[in-house]
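Below, chains carry the letters A, B, ... as their sequence lines are ordered, and counting in each starts from 1.
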There are 2 protein chains.
Amino acid sequence: MAENKFNSKDMIARCVPMSRLQSVIGGKWKILILWYIAFYKVQRFGELMRRLDGITQSTLTKQLRELENDGFLHREIYKEIPPKVEYSLTEFGESFVPVLETMIAWSESYLCPDYKNPYEK
Amino acid sequence: MAENKFNSKDMIARCVPMSRLQSVIGGKWKILILWYIAFYKVQRFGELMRRLDGITQSTLTKQLRELENDGFLHREIYKEIPPKVEYSLTEFGESFVPVLETMIAWSESYLCPDYKNPYEK
DNA sequence: AGATATAGTATGATTTTATATACTATGTTT
DNA sequence: AAACATAGTATATAAAATCATACTATATCT
């Protein structure tokens, strides 16, 4: 049996950042949205709608607002007609990109091993 | 404006591993459960219950079953009274540990910067 | 004989998440 | 004059996730 060198109180305390991470990137679309914005430079609401197969406008709006409130995204509004809004990563959002990279690398190797990225040799 | 060197079809295809990852580690408790098992060597149902503040038995059971079905966890049943079951990472589950490490490192640095891990200098 | 321990299951209620549908604004194009 | 484009909002509904509560089994301890 493995030994546990942490006591109960420490274990609970240590868990806090993981809990926060869960609450911040949980949700059915968030890492996908961040992924599109970070790696494919998708910036427009309409394009995200087309990419995220099956999402509704109100759900996308809600997820984007939460990502904005949590500091990942910047939302630039242009006073034009028809309306134009561009989403981009904040500095904080950029800091999360290596985590996304680790996630996608693992997913491609272990979760979808038959998946072939056409841009890698 | 950033250029996008991927066409629409590729973008959708490329997204698949991220979608699967989302479906596999989404949910309110899963990365937390994996974290406890991987880093604190928690193996028993009852101990997980005590760690995961607020989770109910049925929810914990469901999450553990899903992690087992998705290949992350091994569930070893001992034919004893009172019942004894031990959870541990499979080889596949172990492959995910570096991702968990990246997640927690980012969370500690960026999400909970005031959090102090008592076991690091 | 009754309490204790562990790992659950069963049922139904509640909360959270997501969906469908209709609607808004207004400059430009047909 | 009507249609189009974009980025939404509003309202109501449905589906999924989670929770609360009560219950099961049975060897061992008191």
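With sequence neighbours left out, the side chain to side chain contact (heavy atoms under 4.5 Å, CB included) criterion links A:Glu91 to no other residue. For A:Val99, the side chain to side chain contact (heavy atoms under 4.5 Å, CB included) partners two or more places apart in sequence, or in a different chain, are A:Phe96, A:Met103, B:Thr102, B:Met103, B:Trp106. Contacts of B:Ser23 classified as side chain to side chain contact (heavy atoms under 4.5 Å, CB included), with partners at least two apart in sequence or in another chain: none. For the side chain to side chain contact (heavy atoms under 4.5 Å, CB included) test, no residue two or more places apart in sequence or in another chain qualifies with A:Ser109. Evaluation of the side chain to side chain donor-acceptor pair (under 3.5 Å) rule for B:Arg75 yields B:Tyr87 as partners, not counting sequence neighbours.
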All N/O donor-acceptor pairs, side-chain side in residues 65-73 of chain B, below 3.5 Å, sequence neighbours left out:
{"residue": "B:Glu66", "atom": "OE1", "partner": "B:Lys30", "partner atom": "NZ", "Å": "2.6"}
{"residue": "B:Asn69", "atom": "ND2", "partner": "B:Arg65", "partner atom": "O", "Å": "3.3"}

Practice task
Could you check A:Leu34 against A:Leu89 for side-chain contact (heavy atoms from CB on, under 4.5 Å), going step by step and ending with a plain yes or no?
Solution key: CA-CA 8 Å; A:Leu34 289 175; A:Leu89 292 180; 4.1 Å; yes
Exercise for the section: Take A:Phe45 and A:Leu60, measure what side-chain contact (heavy atoms from CB on, under 4.5 Å) needs, and give me the verdict at the end. Expected result: CA-CA 8 Å; A:Phe45 186 92; A:Leu60 179 54; 3.8 Å; yes
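Rounded to whole angstrom, the span from the NZ atom of B:Lys84 across to the P atom of C:dT6 amounts to 11 Å. Between the CD atom of A:Gln57 and the P atom of C:dA22 there is a distance of 14 Å, given to the nearest Å. The separation between A:Leu52 atom CG and C:dT19 atom P is 11 Å, rounded to whole Å. Atom CD of B:Glu86 and atom C1' of C:dT6 are 13 Å apart (whole Å).
Nucleotides of DNA chain D that come within less than 4.0 Å of any heavy atom of chain B span, from the 5' end to the 3' end, D:dT18 to D:dA27.
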Write down the protein N/O and nucleotide N/O pairs, taken from nucleotides 25-30 of chain C, whose separation is under 3.5 Å; answer none if there are no such pairs.
none

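Under the 4.5 Å side-chain heavy-atom criterion for grouping Ile, Leu, Val, Met, Phe, Trp and Tyr, A:Ile81 is not connected to A:Ile77 through any hydrophobic cluster.
If you take CD on B:Glu108 and CE on A:Met18, they are separated by 9.5 Å, rounding to the nearest 0.5 Å.
In the helix from C:dA1-D:dT30 to C:dT30-D:dA1, the end axes, each obtained as the rotation axis mapping the C1' atoms of four pairs onto the next four within a five-pair block, lie 20° apart to the nearest 10 degrees.
Without hydrogens or angle criteria, A:Gln22 side chain to B:Gly27 main chain gives a donor-acceptor distance under 3.5 Å.
Sorted by first and then second residue, the side-chain hydrogen bond (donor to acceptor under 3.5 Å, both in side chains) pairs involving residues 53-64 of chain B (not counting sequence neighbours) are B:Thr56-B:Thr59.
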Exercise for the section: Would you give a per-nucleotide map of nucleotides 10-18 of chain C, 5' to 3', where B means the base has a protein non-hydrogen atom under 4.0 Å away, S means only the sugar-phosphate does, and - means neither? Expected result: --------S
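Taking side-chain N and O atoms only, B:Arg50 has no distance below 4.0 Å to OP1 or OP2 of C:dT6.
With A:Glu47 as reference, A:Arg51 is the one residue of A:Arg51, A:Arg44, A:Arg50 to meet the side-chain hydrogen bond (donor to acceptor under 3.5 Å, both in side chains) rule.
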